[in-house]
Each structure stands twice: as structure tokens, then as C-alpha cells.
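Below is one structure, written out as C-alpha cells, with a few remarks after it.
Chain letters run A, B, ... following the sequence lines, proteins first, then strands; residues in each count from 1. Atom set for the values below is all heavy atoms of this structure, side chains included, hydrogens, waters and symmetry mates excluded.
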There are 2 protein chains.
Amino acid sequence: MKNDYLKELGHLGMIARLKRLSDNMLYSIRDVYRIKNIDIEPNWHFVFLILKDHKTRTMSEMAEAFQLSQPAVVKIINKMKKRGYIDIVQDGHDNRKRQLRLSKKAVDLLPMFETIWSAGQLSIRQMLQDNEQFLAELESLEQQLQHKSFNERILTNLKCQEK
Amino acid sequence: MKNDYLKELGHLGMIARLKRLSDNMLYSIRDVYRIKNIDIEPNWHFVFLILKDHKTRTMSEMAEAFQLSQPAVVKIINKMKKRGYIDIVQDGHDNRKRQLRLSKKAVDLLPMFETIWSAGQLSIRQMLQDNEQFLAELESLEQQLQHKSFNERILTNLKCQEK
DNA sequence: TATATTTACTTAACTAGTTAAGTATTTAAA
DNA sequence: TTTAAATACTTAACTAGTTAAGTAAATATA
């Protein structure tokens with residue numbers, strides 16, 4: 001293990017370390033798909049699983065469920081459609097909406113994909129075995145930021161410092 | 001708080017939640033800089049601080065210290081140079097190397113920047129007050145992945161499942 | 001019923017990272 | 001001492017997200 005300046009920075013390095021960690025794991029997943037010759041990309045599993053649970057969902061429902069921006073969802077869905085995993089049906093009642101659902105190809109391949117995802121899930125569980133609270137603490141951070149955004153927190157602390 | 005499908009996914013949603021969290025905080029920092037009319041970008045503070053500590057550093061030394069790829073460092077440094085925060089001096093002993101150091105402008109503005117960074121640091125400490133182990137657990141994950149990469153872990157678990 | 005506002009989705013332009021491949025210099029080896 | 005390999009940096013092409021602005025349809029209002 002080489003020197004890690006971000007660790008030396010303590011709390012100030014946390015944000016970048018979180019990004020580094022999630023990037024690292026994301027690229028690993030991409031590698032696994034490549035090695036196993038699976039033609040999907042990381043993060044698509046959210047879409048597969050939510051459409052497995054709910055049959056159909058619109059773009060904005062997904063954006064809300066994942067707490068991602070709508071353009072982010074549009075990009076993911078367009079790629080998945082291009083590779084034949086998603087069928088898009090115009091909503092009969094509201095012509096603005098587009099109902100998304102899994103294609104036959106997606107439904108057929110889903111069980112195979114799920115073996116990969118559960119191996120990934122197991123890997124994470126194994127790494128967390130001694131510190132199962134990590135997810136709870138992650139949730140605590142999410143909730144606190146939901147309640148008061150990080151920039152508000154910084155600005156508040158800046159005002160206090162000025163005094 | 002709306003439904004959060006990533007939370008429902010448990011361990012499988014962790015990677016994306018880590019990204020979402022670090023993105024959220026990063027955008028907040030950008031907002032703070034904009035509000036305070038500060039002409040720097042998030043993550044530049046690593047560079048300011050490492051060059052404050054060590055006077056000069058090369059591109060590759062930085063890449064190693066931050067555990068980022070060299071192209072990532074090159075991009076950051078080029079932007080910082082363009083805005084006048086970094087001076088680049090060709091190394092006398094090795095013509096491949098470029099020694100980076102803070103410009104006068106950077107040194108002059110540094111104390112002001114540091115008030116912002118310490119407000120940010122304080123904000124993180126405040127959010128973590130009840131779960132100070134979060135950083136330790138983050139470090140544990142980093143170390144485990146250093147020891148055995150996430151894709152190796154997934155492939156190992158896949159093999160076990162097959163049996 | 002015509003107009004204004006909201007909602008659903010899309011597009012464009014941006015940030016922040018990656019890998020792969022290219023150039024130039026230095027070091028090691030035959 | 002010439003050649004091969006490694007190192008330092010750069011460039012190109014890609015992924016994954018953002019915000020801001022645009023279009024079309026639905027809803028609310030005067």
C-alpha cells in the first residue's frame with residue numbers, strides 16, 4: 001500500500017475516497033461482464049430489477065426511484081433499448097408518458113444475470129462482515145443531507161467562523 | 001423522503017449510493033465556490049494542500065498520492081495552470097519530469113480558500129459525530145479491495161456458486 | 001374556451017473519472 | 001555502444017453523472 005494523501009486529509013478527503021471506491025467497484029463489475037461475455041453495463045441491474053418487480057415504469061418514476069436526474073435515466077434506457085433489453089410503449093391515457101418494460105430477451109437472460117449480481121452482493125457482504133453498520137451509517141449521511149444540504153451546512157459553518 | 005429503490009436493493013445498491021453521495025457533496029462544494037465567487041473547482045484542494053506541504057511534486061507523484069490515473073491529474077493540473085494557480089518548471093535532472101508548484105496567486109489566496117475547506121471539514125465531522133467509525137470502515141473496504149480486487153472476489157464467488 | 005402553468009421527456013453542453021495508445025527521455029542490457 | 005525496456009507525460013475516445021433549456025401534451029384558470 002502506497003502513501004495515500006487523501007487518507008492523510010482526514011474528513012476533507014472523504015468525498016473523493018467515496019468516489020474512488022465506487023468508481024473502483026464499478027469498473028470491476030464492467031470487467032466481470034466483459035470476462036463473462038455479458039452484454040450489459042454496470043447500473044443497468046437497477047432497471048432490470050425494478051421492471052422485474054413492477055412490470056412497467058415511466059422515465060420519471062425511475063428517476064425518482066433511483067434518485068437520479070431524468071437525463072441520466074434517459075441515457076441508460078436508450079442504451080438498453082438499443083441493445084434490445086427494453087420495450088417502450090406510449091401510455092394510452094397520457095401521451096407524454098412512455099411506459100418501459102423488459103423485452104423477451106431481457107426476461108430470458110435475467111436468471112443468468114442474477115447469478116452474477118448475487119455473486120457481487122455476496123462479495124460486498126463478505127467485505128462488510130465485521131462492520132455491518134456501514135450501510136446504516138451511509139443511510140444516516142443520506143438522511144442528514146436530505147434534511148439539510150451540504151452547501152447549506154458549509155455556509156452555516158462559514159458564518160459561525162466569521163463571528 | 002421519497003421511495004429509494006437503491007436502498008431496497010441492500011448491498012447491491014451500495015456502490016451506486018456511494019457514488020450518489022459523493023456526487024451530491026461534490027456539487028454542493030461547487031455551489032459554495034460559486035456563491036462565494038471563488039474561482040476554483042472541487043478536488044483542486046488536494047493539489048493546493050499537497051503543494052503547500054511539499055513545495056514541488058511531479059504529475060506522477062500526484063497521481064500516486066491521490067491514487068488517480070495520470071490523465072486525471074493532467075486534466076486537473078492543466079486547468080489549474082490555465083487559471084494561474086500552478087507554475088510548471090522542467091526538471092533539471094530529468095527532462096521527462098515537470099515539477100509543479102503553487103503560483104504566487106495561489107499562495108496569496110490559500111488562507112481564504114482554507115476557511116472554506118475547514119468549514120467543509122467541520123460539516124462532515126458534524127454529520128459523522130455519532131458514527132465516527134465511518135471513515136475507519138471506509139478504510140477497511142479500501143484495504144480489502146487493495147488486497148483482492150472486487151472482480152476477483154466476484155469471480156471467486158461465481159465459481160463457488162457453480163459447484 | 002383561450003391562455004397560462006405544469007409535467008414528461010429530450011437535447012446540448014458541461015464535469016470528473018477511466019483505459020488505450022502515442023511521444024520523448026532515461027536506464028538497462030547485449 | 002547500440003538497442004531494448006521502462007518511465008513521464010500527453011492525447012483520444014470512452015462512461016456516468018450533472019444543469020439548463022427546449023418541445024409537446026395535459027391541466028388549471030380567467
Side-chain angles (χ1 to χ4, degrees), chain A residues 6 15-31 33-34 40-47 56-64 66-83 86 88-100 151, chain B residues 6 15-31 33-34 40-47 56-64 66-83 86 88-100 151:
Chain A
L6 297 190
I15 304 170
R17 285 167 71 187
L18 291 174
K19 173 159 175 54
R20 207 169 56 176
L21 180 66
S22 63
D23 275 353
N24 175 313
M25 296 176 85
L26 192 100
Y27 298 135
S28 270
I29 294 172
R30 202 201 313 281
D31 280 349
Y33 289 150
R34 199 174 297 137
I40 62 176
E41 287 176 24
N43 291 353
W44 290 11
H45 65 277
F46 309 150
V47 180
T56 74
R57 214 95 289 223
T58 66
M59 296 279 190
S60 12
E61 282 167 346
M62 284 208 189
E64 199 201 308
F66 304 152
Q67 291 180 30
L68 282 183
S69 66
Q70 277 200 7
V73 173
V74 168
K75 283 182 195 174
I76 292 171
I77 296 298
N78 281 344
K79 278 193 198 168
M80 291 181 72
K81 181 174 165 49
K82 202 169 282 177
R83 299 224 203 139
I86 295 281
I88 303 186
V89 182
Q90 209 67 21
D91 186 294
H93 300 291
D94 185 336
N95 269 308
R96 295 168 304 179
K97 292 185 183 171
R98 316 178 65 190
Q99 296 291 346
L100 312 172
N151 49 5
Chain B
L6 298 191
I15 304 171
R17 286 167 72 187
L18 291 175
K19 173 159 176 53
R20 207 170 57 175
L21 180 65
S22 64
D23 275 353
N24 176 315
M25 296 176 85
L26 192 100
Y27 299 135
S28 272
I29 293 172
R30 204 201 312 283
D31 281 347
Y33 289 151
R34 198 175 297 136
I40 63 176
E41 286 175 26
N43 291 353
W44 291 11
H45 64 277
F46 308 151
V47 180
T56 74
R57 215 87 301 216
T58 66
M59 295 280 190
S60 11
E61 282 168 345
M62 284 207 189
E64 198 201 309
F66 304 151
Q67 291 180 30
L68 283 183
S69 65
Q70 277 200 7
V73 173
V74 168
K75 282 183 195 174
I76 292 172
I77 295 297
N78 281 344
K79 277 194 197 170
M80 291 182 72
K81 181 174 165 49
K82 202 170 281 177
R83 301 224 202 140
I86 295 279
I88 303 185
V89 181
Q90 210 67 21
D91 185 296
H93 300 292
D94 186 337
N95 268 308
R96 293 169 304 179
K97 291 184 183 171
R98 316 178 65 192
Q99 295 292 345
L100 312 173
N151 49 5

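- Across the protein-nucleic acid pair, A:L26 atom CG and D:dC14 atom C1' stand 13 Å apart, rounded to whole Å.
- Of the charged side-chain nitrogens involved, none lies within less than 4.0 Å of a carboxylate oxygen, so that A:R20 and A:D23 do not count as a salt-bridged pair.
- Nearer to the 5' terminus of DNA chain D, by closest-nucleotide assignment, is the contact made by B:Q70 (compared with the other of A:W44 and B:Q70).
- In this structure, CG of A:L18 is placed 15 Å from C1' of C:dA16, rounded to the nearest angstrom.
- Two residues, B:F46 and A:R34, neighbour DNA chain C, and the one matched to the more 5' nucleotide by heavy-atom proximity is B:F46.
- Residue B:A72 has its side chain nearest to C:dG17 when only C:dG17, D:dC9, D:dG17 are considered.
- Inter-residue side-chain proximity for B:I88 and B:K81 is flagged as met; some heavy-atom pair is nearer than 4.5 Å.
- For the pair A:M25 CE and C:dG17 P, the interatomic distance rounds to 19 Å; values are reported in whole Å.
- A heavy-atom distance below 4.5 Å is found between the side chains of A:I77 and A:M62.
- Comparing atom distances between the B:P71 side chain and each of C:dA16, C:dT19, C:dA8 picks out C:dT19 as nearest.
- B:T56 meets the side chain to side chain donor-acceptor pair (under 3.5 Å) test with B:Q99; sequence neighbours excluded.
- Look at CD1 on A:I77: it is 16 Å from P on C:dA8, rounded to the nearest Å.
- What separates NZ of A:K97 from C1' of C:dC9 is a distance of 12 Å, to the nearest Å.
- The CZ atom of B:R30 sits 10 Å away from the C1' atom of D:dT19 (whole-angstrom rounding).
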Name the pairs: protein N/O against N/O of nucleotides 23-28 of chain D, kept only if under 3.5 Å.
{"unit_1": "D:dA26", "atom_1": "OP1", "unit_2": "A:N95", "atom_2": "N", "d": "2.9"}

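- Counting only heavy atoms from C-beta on, A:I76 has its side chain closest to D:dG17 among D:dG17, C:dT15, C:dG17.
- The distance from atom CG of B:L21 to atom CG of A:L18, rounded to the nearest 0.5 Å, is 5.5 Å.
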Margin query: Applying side-chain contact (heavy atoms from CB on, under 4.5 Å) to A:M80 and A:V47, what does each step give before you reach the verdict?
Written below: CA-CA 9 Å; A:M80 291 181 72; A:V47 180; 3.7 Å; yes
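- Set against C:dA16, D:dA8, D:dT15, the side chain of B:E41 has C:dA16 as its closest nucleotide.
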Check: Under the side-chain contact (heavy atoms from CB on, under 4.5 Å) criterion, do A:I29 and A:Y33 qualify, and how do the steps go?
Finding: CA-CA 6 Å; A:I29 294 172; A:Y33 289 150; 3.5 Å; yes
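- Among the nucleotides D:dC9, C:dT19, D:dT18, the one closest to any side-chain atom of B:M59 is D:dC9.
- Mapping B:S60 and B:K75 onto DNA chain D by nearest heavy atom places B:S60 at the nucleotide closer to the 5' end.
- With rounding to whole Å, A:K19 atom NZ is found 12 Å from D:dT18 atom C1'.
- When the options A:K82, A:K75, A:R83 are evaluated for a salt bridge (charged side-chain N to carboxylate O under 4.0 Å, His left out) with A:E41, the one that passes is A:R83.
- OP1 or OP2 of D:dG17 lies within a sub-4.0 Å distance of a side-chain N or O belonging to A:N43.
- Considering only side-chain N and O atoms, A:S69 lies nowhere under 4.0 angstrom from the phosphate OP1 or OP2 of D:dG17.
- Atoms NZ (B:K79) and P (C:dC14) sit 11 Å apart, rounded to a whole Å.
- Residue A:Y27 places its side chain closer to C:dT18 than to any other of C:dT18, D:dG17, D:dA16.
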